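Take a look at the structure set out below.
None of the values given here were measured: they were computed from a predicted structure. Below, all heavy atoms of this structure are taken into account, side chains as well, without hydrogens, waters or symmetry copies.
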Amino acid sequence: MGARADLQARERAAVADVVASTLRHDLRNKLASVRNASFYLMRKMQKTDVWGTDARVEAFFQLIDRELAAAEEVLTRRAPVASSDKPLCHASEAMEHALREARVPEQVRVERDFKARGTVPLDLEDLALLVRCLVDNAVEAMPRGGMLTVRTWDVEEGEGGVGIRVEDAGEGLAAEAYSRAFEPFYSTRPGHAGLGLNIVQRLVLRNGGKVALDGGPSGGTHVEVLFLHRPEAGARMRLAGHDEIRGSK
């Protein structure tokens, strides 16, 4: 599988994960409503003659309770972690990979400032997907063109780490949009799914990072991602390179 196809496959998987997570949340709320309604009706029925004369009534309420419990168990299941290995990649390499795959029009100028020498606890394709989501958002914020700035740097404070920043020169966002930007399916642009920043947030948080979105004093929006060095005790670390990503071992 080529690099482009692999990145597209991961993007589809990330979108599916967001959709599935949102559906699980909504279904849990609906199941809770059904459980509450069932409990209320059962208490009412227990005060009637039917409860004592027809054994099927109690049996049906028990059936409802069992099926609700089974449905909730299905919703909480997660796929097992395949390996304890923790992949690593160089941030600057992933940035370049993402920029090659992104749809950057000619009227958008790209300023690169890649200074990070450290590594990030994701494999190259996942980090490239994260960055491409940010780049696509930045490009869409500049329909008439402008400057797209992408940076990486080594974090010196504390235990150290790597920082990533993607900044556009667009018109910025309204206050509500900043507070809701990471919500799934939230978008200020008609016809957009509103999943990009949520995918970014999920990838960052799952790998121990931090992400923040803000606007600049002269307009535009920037997203900063920090991956701090907090390796788990006993975890093995491996560097994920292009050969491994492309399928060869």
Side-chain angles (χ1 to χ4, degrees), residues 1-15 17-18 82-83 85-104 108-141 147-156 159-168 182 195-213 221-232 235-249:
M1 182 182 290
R4 179 182 293 273
D6 196 2
L7 189 59
Q8 291 173 342
R10 290 177 187 242
E11 183 176 16
R12 290 193 295 270
V15 170
D17 181 63
V18 174
S83 171
D85 288 355
K86 196 174 184 65
L88 293 173
C89 72
H90 290 287
S92 301
E93 182 181 4
M95 299 289 271
E96 289 288 5
H97 182 34
L99 288 170
R100 288 195 299 270
E101 301 297 333
R103 299 175 293 273
V104 181
V108 173
R109 304 183 306 280
V110 180
E111 179 179 330
R112 294 169 170 81
D113 183 18
F114 300 153
K115 296 179 179 177
R117 296 181 178 273
T119 53
V120 170
L122 280 82
D123 67 31
L124 186 140
E125 293 293 345
D126 277 344
L127 184 56
L129 171 60
L130 183 157
V131 174
R132 204 187 80 181
C133 287
L134 296 179
V135 169
D136 287 346
N137 270 9
V139 168
E140 290 170 358
M147 179 67 73
L148 168 66
T149 304
V150 287
R151 295 181 55 214
T152 69
W153 68 93
D154 290 312
V155 178
E156 304 295 341
E159 298 172 325
V162 172
I164 295 170
R165 180 182 175 109
V166 176
E167 181 176 358
D168 65 64
F182 292 107
L195 293 175
L197 287 178
N198 187 261
I199 291 172
V200 169
Q201 185 184 55
R202 287 169 178 270
L203 287 171
V204 171
L205 296 182
R206 283 179 181 175
N207 293 277
K210 300 178 180 180
V211 59
L213 177 146
T221 303
H222 63 262
V223 179
E224 283 193 1
V225 176
L226 295 180
F227 290 102
L228 304 180
H229 290 161
R230 295 191 183 98
E232 299 176 4
R236 289 177 294 159
M237 313 295 281
R238 59 183 172 83
L239 184 62
H242 276 301
D243 290 340
E244 181 177 347
I245 296 298
R246 290 171 186 266
S248 60
K249 300 282 186 174

Note, F114 side chain near V150 side chain (heavy atom, < 4.5 Å):
yes
Taking the side chain as C-beta and beyond, is there a heavy-atom pair between L148 and V135 under 4.5 Å?
yes
Side chain to side chain contact (heavy atoms under 4.5 Å, CB included) with V223: which of L134, D168, I164?
L134
Please determine if E96 and R112 form a salt bridge, counting it only when a charged side-chain N lies under 4.0 Å from a carboxylate O.
yes
Do N207 side-chain atoms and L122 backbone N/O form a donor-acceptor pair below 3.5 Å?
no
Heavy-atom closest pair (S92 atom, T152 atom, distance to 0.1 Å) is OG-OG1, 3.1 Å
Output the distance between atom CD (E224) and atom CZ (R151), rounded to the nearest 0.5 Å.
7.0 Å
Spacing of CZ belonging to R132 relative to CD1 belonging to I199, to within rounding of 0.5 Å
9.5 Å
Measuring only between side-chain heavy atoms, which start at C-beta, is L228 closer than 4.5 Å to V155?
yes
Nearest-0.5 Å distance, CD of residue E125 to SG of residue C89
9.5 Å
With the threshold set at 4.0 Å, does a side-chain nitrogen-carboxylate oxygen contact exist between E167 and R165?
yes
Do the side chains of L124 and E93 get nearer than 4.5 Å, heavy atoms only?
yes
Could you check L127 against F227 for side chain to side chain contact (heavy atoms under 4.5 Å, CB included), going step by step and ending with a plain yes or no?
CA-CA 11 Å; L127 184 56; F227 290 102; 4.3 Å; yes
Within the 4.5 Å heavy-atom criterion, are L197 and N137 side-chain neighbours or not?
yes
Would V110 and V104 count as a side chain to side chain contact (heavy atoms under 4.5 Å, CB included) if you check the C-alpha gap in whole Å, the side-chain angles of each, and the deciding distance to 0.1 Å?
CA-CA 9 Å; V110 180; V104 181; 3.9 Å; yes
Got D126 and L130 here, is their nearest side-chain heavy-atom distance under 4.5 Å?
no
Please tell me if the side chains of V204 and L226 come closer than 4.5 Å, counting only heavy atoms from C-beta onward.
no
Show the nearest heavy-atom pair for residues A128 and H97, with the distance to one decimal.
CB-CD2, 3.5 Å
Name all residues meeting the side-chain contact (heavy atoms from CB on, under 4.5 Å) criterion together with E156; count only those two or more places apart in sequence or in a different chain, and write none if there are none.
D154
Side-chain heavy atoms of R103 within contact of D136, under 4.5 Å
yes
